[in-house]
Amino acid sequence: MNWTFFHKLGSPKWFYDISGKWLPWLQVSSLVLILVALAWGLAFTPPDYLQGNSYRIIFIHVPASFLAQSIYMMMATAAAVTLIWRIKLADMALKVMAPVGASFCILSLVTGAIWGQPTWGTWWVWDARLTSMLILLFLYIGIIALRGAIHTTEAAAKACAILSLVGVVNIPIIKFSVDWWNTLHQGATLKLTEKPSMAPEMLWPLLLAILGFYLFFTMVMVLRLRIEIISRERKTRWVKELVS
Amino acid sequence: MLNVVQLSCERDDRLLFSNLSFQLGSGEILQIEGRNGAGKTSLLRIIAGFSSSLSGDIFWNDQPLSAVYADFRLDCFFLGHKPGLKLDLTPLENLVWRARLANTIINREVLLAALDRVQLAGYEDIPCSHLSAGQLRRVAFAGLIASPARLWILDEPFTAIDIEGVSWLERLFDEHTHQGGMVLVTSHQPLNDRQGKLRKLNVEHFGEERSVDGERGQDVQG
Amino acid sequence: MYFDSWSGFLVMEGHGLYVWSAYTMALAVIAYNLIAPFMARRRILAQLAAQVRRQERLVQRKVIVNEVTTSRGDNNENRSANPENTQLKHRPGRQEEGSESVERSAQ
Amino acid sequence: MVRGGKMSRVDQPSMRGFSACLALIRRDLTLTFRSPGQAINPMAFFLMVATLFPLGIAPDREVLSELAAGIIWIGALLAVLLSLDSLFKSDQDDGALDQLLMSPHPLPLLVLAKVFSHWLTSGFCLTLMAPLLAIMLHLPSEAFSPLMMTLLLGTPVLSLAGAIGAALTVKVQRGGVLLTLLSLPLYIPVLIFATGAVSAAMQNMPYTGHILWLSVFLILGICLAPLAIAGALRVINE
């Protein structure tokens with residue numbers, strides 16, 4: 001099995017050139033998809049028989065929650081790659097993904113709270129998923145804070161990698177214990193994000209929105225990764241030519 | 001026998017030194033020179049096995065260090081900038097826990113004899129917080145004498161040591177190399193070479209020769 | 001279009017406030033994720049440009065210093081053993097900063 | 001002939017890892033007894049937390065007995081966090097951490113010894129103090145035994161999980177807040193199951209399930225945490 005592809009993938013310069021070609025496509029497709037999906041969800045789908053129009057928030061809340069969780073999983077894989085194969089690009093990805101993941105985590109929390117108001121009349125509901133999302137936000141902030149606190153790049157890279165691996169081991173435990181805690185204390189309230197049997201005309205815009213958000217995330221990550229590459233490889237000749 | 005081949009280390013994207021090689025046979029002293037920040041301490045810490053982010057390889061008794069790190073550490077004594085002693089404990093207690101950690105069986109007499117050699121005979125049961133910096137260093141040297149390790153890795157051992165302390169330490173090096181030991185030391189003072197076993201290595205010679213060009217930045221180790 | 005009028009679309013039978021606030025929040029997050037990279041890019045490019053300029057200034061200052069020392073060096077040959085070039089050993093490759101490069105580029 | 005890295009049978013000294021751990025534990029315990037301030041702080045903090053809540057909420061019996069388990073557990077959790085900051089930092093400052101990393105014995109084992117001695121001086125003392133606070137907070141009598149059991153099983157997990165954060169922030173100047181931030185997510189499952197056990201006992205329902213889950217966390221912590229701590233120490237001290 002030749003590993004050249006894998007190692008080539010690891011070199012920042014190669015990634016910089018390839019991503020240069022992908023970027024315009026990503027930008028156009030993600031923004032178009034998001035606009036179409038949200039317009040469709042907002043204006044053209046009929047309201048939900050139970051929750052009325054407030055359910056339209058689902059087209060942001062669900063993609064944001066999915067994204068927040070899957071970004072953390074991606075960070076854990078990048079962390080494993082950094083620790084095992086010591087590929088610098090993986091650490092750059094880890095460093096770059098954290099703020100994006102945190103922003104989507106906040107978006108999911110806020111939209112969940114806003115959605116809770118018309119449905120239950122209170123802004124914050126200690127629902128199992130919202131609480132797990134809140135703890136996930138703590139994990140994100142922990143990684144961003146640790147990255148800021150350690151100044152030598154190598155030590156910071158490996159420390160954040162270890163922290164995100166410890167975090168990813170902890171996520172199922174947290175989810176399990178929060179769900180268990182939730183059922184213990186509350187009766188069977190309507191689970192906020194449990195999708196009521198989705199009528200097809202609601203399901204399609206949701207899937208489109210999820211795809212749009214994921215493409216948007218890839219685009220943002222490629223943008224940030226290219227900048228991180230320039231900053232980290234500033235001593236190499238190809239960056240010096242690029243900059244001057 | 002320590003053998004370092006083509007060692008290079010990058011710290012914060014700054015190339016400290018590259019393809020640095022040397023051998024250290026038994027009975028030899030190697031003094032590492034270089035201006036501050038040239039990477040002397042980093043070199044010592046890499047050889048002692050603290051750092052793993054390096055390219056190039058280190059052999060101990062012609063086996064790769066990563067395979068025999070336990071045997072290497074049994075046979076190596078590392079003294080960093082700080083003496084590594086707990087200030088609330090007495091010198092004797094400090095020497096006991098350090099010996100236990102280094103897996104050496106040491107009884108009281110051996111430790112007392114070592115403390116006596118460093119002129120700290122009466123101080124064995126006074127908390128280290130009452131000792132001066134020089135005396136603390138001498139307690140660390142007592143640990144050095146009492147340890148069976150053949151390879152000594154000492155980082156700036158002469159700081160806070162007075163003149164006759166320096167000559168005492170040089171006599172200690174000679175005695176150690178005479179018994180087949182090896183000494184790897186960094187210091188700014190030139191060591192006088194009484195038995196012709198002293199070699200010097202200047203880290204700056206292996207410093208940043210050329211700006212890191214494109215290909216170099218591509219290799220996986222980074 | 002499900003809603004019959006624009007105002008109906010805005011009010012959304014009373015839930016408009018929540019839906020629109022959620023969507024503005026989404027817009028804010030998307031805007032943050034778009035703008036932050038460009039700000040970072042500008043900051044880093046400015047940093048790199050400054051570094052390159054500092055490099056050139058360093059080189060120019062060395063060139064000026066060399067002319068002064070070589071002109072002064074001709075008329076007082078005997079006082080040439082200043083501390084820098086006592087250890088005039090051969091240095092592999094050029095040394096970026098530090099005083100050695102002064103005497104090195106003077107050779 | 002490159003052997004698997006072990007010296008020949010004859011001259012290989014017997015590796016006394018266990019006595020190295022004992023030496024480390026003895027060293028840390030004598031250090032704590034020599035300067036007891038280090039161990040008294042968490043206990044004083046624990047007592048203070050238990051006195052603040054009645055002042056802040058209400059002194060009467062029903063309210064307090066309802067909240068007692070939560071107050072005691074959150075107090076213990078914060079007290080352990082308070083004492084974790086100096087776990088590796090004191091060794092880092094006087095160079096003893098280098099000796100720990102230079103030891104031929106496996107680092108996870110030595111780190112486990114250090115965390116055990118930290119638990120003895122912090123978590124264990126809090127557990128001994130807990131009945132006093134339970135009385136002050138009118139905890140019903142049948143909830144005493146689950147409280148003690150959960151504290152006995154839970155505080156080591158707090159020390160283990162917190163030590164990961166302590167190892168990661170050993171070189172950070174004012175790392176106390178960051179340490180708390182890193183460790184809290186790891187504390188949440190322990191808090192949930194511990195307070196769940198006590199409240200189950202107060203409604204005289206069986207709480208063995210909670211105790212079993214806490215012991216699962218303890219075993220998981222003992223197996224995985226030292227690896228993460230050792231990895232973090234090696235990485236930070238490069």
Side-chain angles (χ1 to χ4, degrees), chain A residues 27 30-31 34 38-39 41-47 51-61 63-64 96 99-100 103-108 110-119 201 209 213 216-217 219-228 230-232 234-235 239-240 242-244, chain C residues 1-60 62-63 92-98 101:
Chain A
Q27 276 162 340
S30 60
L31 290 184
I34 287 181
L38 295 191
L42 260 178
F44 295 99
T45 50
Q51 294 177 8
N53 282 306
S54 69
Y55 92 97
R56 294 180 197 280
I57 299 177
I58 195 173
F59 298 117
I60 304 173
H61 180 71
V96 142
V100 183
S103 68
F104 280 110
C105 199
I106 293 169
L107 178 62
S108 151
V110 168
T111 46
I114 294 174
W115 195 358
Q117 169 63 6
T119 348
E201 69 271 11
F213 269 74
F216 176 75
F217 160 69
M219 186 263 289
V220 168
M221 208 185 87
V222 163
L223 263 173
R224 281 172 172 258
L225 209 48
R226 284 161 62 88
I227 296 149
E228 188 62 24
I230 292 178
S231 151
R232 287 252 186 119
R234 60 179 67 184
K235 290 193 82 71
V239 168
K240 279 190 179 140
L242 206 68
V243 165
S244 54
Chain C
M1 170 86 164
Y2 168 75
F3 299 96
D4 38 31
S5 70
W6 274 108
S7 61
F9 181 56
L10 283 180
V11 169
M12 278 197 193
E13 294 124 7
H15 287 159
L17 171 68
Y18 307 117
V19 173
W20 289 114
S21 56
Y23 274 72
T24 35
M25 184 63 200
L27 206 63
V29 166
I30 287 178
Y32 159 73
N33 280 319
L34 277 176
I35 293 164
F38 286 111
M39 305 280 286
R41 186 182 183 85
R42 225 155 21 103
R43 191 164 33 82
I44 285 179
L45 288 184
Q47 244 176 27
L48 290 187
Q51 189 192 341
V52 169
R53 272 202 308 281
R54 208 180 314 126
Q55 217 67 28
E56 270 134 24
R57 251 203 331 279
L58 208 65
V59 168
Q60 263 130 27
K62 260 183 262 168
V63 168
R94 60 174 173 73
Q95 184 83 3
E96 215 126 41
E97 65 277 342
S101 49

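To find a chain, count down the sequence lines: A is the first, B the second, and so on, and within it residues start at 1. All values reported here derive from a predicted model rather than from experimental measurement.
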Exercise for review: Decide yes or no on side-chain contact (heavy atoms from CB on, under 4.5 Å) for C:Met25 and A:Ile106, but give the supporting numbers first.
Suggested key: CA-CA 10 Å; C:Met25 184 63 200; A:Ile106 293 169; 4.3 Å; yes

Check your understanding: Side-chain contact, heavy-atom cut-off 4.5 Å: C:Trp20 with A:Ile114?
Key -> no

Study note, to complete from the structure: To the nearest 0.5 Å, atom CD1 of C:Ile30 lies from atom CZ of A:Phe104 at 6.5 Å

Check your understanding: What are the two closest non-hydrogen atoms of C:Pro37 and A:Ile227, and how far apart are they?
Key -> O-CD1, 3.2 Å

**Study point:** Nearest non-hydrogen partners of A:Leu107 and C:Ala26, listed with the distance
**Key:** CD1-CA, 3.5 Å

Point to revise | Shortest non-hydrogen contact from C:Asn33 toward A:Ser103 | key: ND2-OG, 3.2 Å

**Study point:** Atom group of C:Leu17 that falls short of 4.5 Å from chain A, counting heavy atoms
**Key:** neither

Revision key, fill the gap. Minimal heavy-atom distance between C:Ala22 and A:Ile60, with the atoms involved, is O-CD1, 3.8 Å

Exercise for review: Measure the shortest side-chain to side-chain distance between A:Leu223 and C:Arg41 over non-hydrogen atoms and say whether it is less than 4.5 angstrom.
Suggested key: no

Exercise for review: Check whether A:Val110 gets within reach of chain C through its side chain, its backbone, both or neither, counting any heavy atom under 4.5 Å.
Suggested key: side chain

Check your understanding: Which answer fits C:Val19, side chain, backbone, both or neither, if we ask what part of it has an atom under 4.5 Å from a heavy atom of chain A?
Key -> both

Exercise for review: Name the option with the most non-hydrogen atom pairs under 4.5 Å to chain C; the candidates are A:Met219, A:Arg226, A:Arg224, A:Gln27.
Suggested key: A:Arg224

Check your understanding: Is chain C contacted by the side chain of A:Phe44, its backbone, both, or neither, given a heavy-atom distance below 4.5 Å?
Key -> both

Check your understanding: Going by the ring pair (Phe, Tyr, Trp, His ring centres under 6.0 Å) test, which pairs reach into residues 23-43 of chain C, not counting sequence neighbours?
Key -> none

Review point. Which of the residues C:Ile44, C:Val29, C:Leu34 is involved in the greatest number of heavy-atom pairs with chain A at under 4.5 angstrom?
Key: C:Val29

